[in-house]
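Structure, as structure tokens:
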Amino acid sequence: MKRFIALSLILALAAGGVFAQTLDGFQTAFSGFADDMAATLSMNSTIGTTWSDAYIGGFPHFGAGIFLGTTFAGKDGTAALFDAIGQAVPAELEALGVPVPALGVTAKLGLPFLPVDIGVKGGVVTPEMATALEGAYGVAAEYKNLGAVLRARVLKEGVLIPELSIGASGSYQTGSIAKAVGSGTTLDYEYSTYSWTITATDPMLELGWESTSFDLNAQVSKNFLLILTPYAGAGVSFGKSTVTGGLASSMGIADGALGAGTGDYDGDADTDFDDIKAALTDAGQPVPDISASGFLYTADANAPVVRVYAGVSLNILVVVDAQLMYVPATKALGASISARLQL
């Protein structure tokens, strides 16, 4: 499991070398990437809550196990983001985009008297796991997710009839990843008569997210020979995702002027960046969120996200459940696998 997380994180931010693009170019690219990221976060939040059986049965039927998965932000937004940081998209990301991992434990219990089951899930990258990842791969990581689900059977399985259920779930997740992108780099910013050159020492590319979503879905499943259960479903998620991205570094002004006739900077990074913001504010121009410690952009997304999914489980002592997911609007893909004991 740890190796899987590390691979996802490395693929997400496997960048190095020169970071030499415009700040406003990064902001534009990041805004588009954030929309794609929000869609994959909504899909990611459902991993662990969707099981192969549309309904596990009434009390005392229950199950518990572990899950592991990845969803991918759209490849177009990913390509634009890497272009904005002066990097070619790694070959591993060209087809699917930036991966976001999901892992944790999951459990479901059938309720008495009603054809309803309830479930919970949760996962976290522990400090020990994060330290191991950073030491081995140079990737700093944080991640946690929580969720709950309620499903109601609306059609009972028969010889030729699949089982059908509708469900509602709520999920919360937060995470961040950071990767060194070179020992020294230069950023250029130009806007009208304003221009400056910024140096960044030991920069770290950072990506973070926080997502709260509410999901409605419908699912069918059919059991064959008591051991094989194919299934398919569709859902729509509502909520809000906040995505942040930027560069953490010791920043300074190498060259530039506040504008025509205003003179050069005084060499004090803190006051120089304050002067930049003041000049742009006075001119009624966009003000980048930049300081002597780096820059960071934040984008919110709350549009509904429609997804479809399908999978199959094999039940021989332990239920092994594999699933594929897809968001038509952004062409984002996802996959997961889980193992559980289910009685």
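These numbers come from a predicted model, not from an experiment. One is the number of the first residue; the rest follow in order along the sequence.
By the rule that hydrophobic residues join a cluster once side-chain heavy atoms approach within less than 4.5 Å of another member, Val149 and Tyr231 end up as members of separate clusters.
Between Leu324 and Leu333 there is no side-chain heavy-atom pair separated by less than 4.5 Å. Using a 4.5 Å heavy-atom threshold, the side chains of Ile66 and Leu103 count as separate. Gln173 places a side-chain heavy atom less than 4.5 Å from the side chain of Leu41. Two residues are said to be in side-chain contact when any heavy atoms from C-beta on lie closer than 4.5 Å; Thr106 and Trp51 meet this criterion. For the pair Ile161 and Leu155, the minimum side-chain heavy-atom distance is below 4.5 Å. Using a 4.5 Å heavy-atom cutoff, the side chains of Val116 and Leu150 are in contact.
Closest non-hydrogen pair, Pro328 versus Val306, comes out as CD-O, 3.3 Å. Nearest approach of Val236 to Pro304, heavy atoms of both residues: CG2-CB, 4.2 Å. Heavy atoms only, all atoms of each residue included: Ala168 and Phe214 are closest at CB-CZ, 4.0 Å. The shortest heavy-atom contact between Phe72 and Leu96 is CB-O, 3.4 Å. Residue Thr49 comes nearest to Ser169 through the heavy atom pair OG1-OG, 4.5 Å, listed as atom of the first residue, atom of the second, then distance.
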Checklist line | Residues Arg307, Ser42; criterion side-chain contact (heavy atoms from CB on, under 4.5 Å); working and verdict | finding: CA-CA 9 Å; Arg307 77 185 193 285; Ser42 293; over 6 Å; no

Note to self: Let's go through Ser45 and Ser213 carefully: what are the C-alpha distance in whole Å and the side-chain angles of both, what is the deciding distance for side-chain hydrogen bond (donor to acceptor under 3.5 Å, both in side chains) to 0.1 Å, and is it a yes or a no?
What the structure shows: CA-CA 8 Å; Ser45 69; Ser213 64; 3.1 Å; yes

Next item on the list: List the steps, then state whether side-chain contact (heavy atoms from CB on, under 4.5 Å) holds for Thr40 with Thr330.
Entry: CA-CA 9 Å; Thr40 200; Thr330 63; over 6 Å; no

Note to self: With side-chain contact (heavy atoms from CB on, under 4.5 Å) as the criterion, how do Asp53 and Val319 come out once you've worked through the C-alpha distance, each side chain's angles and the decisive distance to 0.1 Å?
What the structure shows: CA-CA 11 Å; Asp53 300 279; Val319 180; 5.5 Å; no

Next item on the list: Determine, stepwise, if the pair Ser338 / Gln323 fulfils side-chain contact (heavy atoms from CB on, under 4.5 Å).
Entry: CA-CA 9 Å; Ser338 64; Gln323 182 183 144; over 6 Å; no

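A 6.0 Å sphere centred on CZ of Phe59 holds no more than 12 heavy atoms belonging to other residues, nucleotides or ligands. Other residues, nucleotides and ligands contribute at most 12 non-hydrogen atoms within 6.0 Å of the CD1 atom of Ile166.
The backbone N or O of Ser52 lies less than 3.5 Å from a partner atom in the side chain of Gln219, making a donor-acceptor pair. Although no hydrogens or angles enter the test, the distance criterion places a donor-acceptor pair under 3.5 Å between the side chain of Lys222 and the main chain of Gly158. A donor-acceptor pair under 3.5 Å links the side-chain atoms of Asn44 to the main chain of Val100, judged by distance alone. A donor-acceptor pair is defined here as one N or O able to donate and one able to accept, closer than 3.5 Å; such a pair exists between the side chain of Glu157 and the backbone of Asn223. A donor-acceptor pair under 3.5 Å is formed between the side chain of Lys121 and the backbone N or O of Ile47. When atom types are taken as modelled, the side chain of Ser165 and the backbone of Ala54 share a donor-acceptor pair closer than 3.5 angstrom.
When Lys108, Arg151, Arg153 are each tested for a side-chain hydrogen bond (donor to acceptor under 3.5 Å, both in side chains) with Asp117, only one passes: Arg151.
Summarising the geometry, atom OH belonging to Tyr326 is positioned 6.0 Å from atom NZ belonging to Lys331; distances are rounded to the nearest 0.5 Å.
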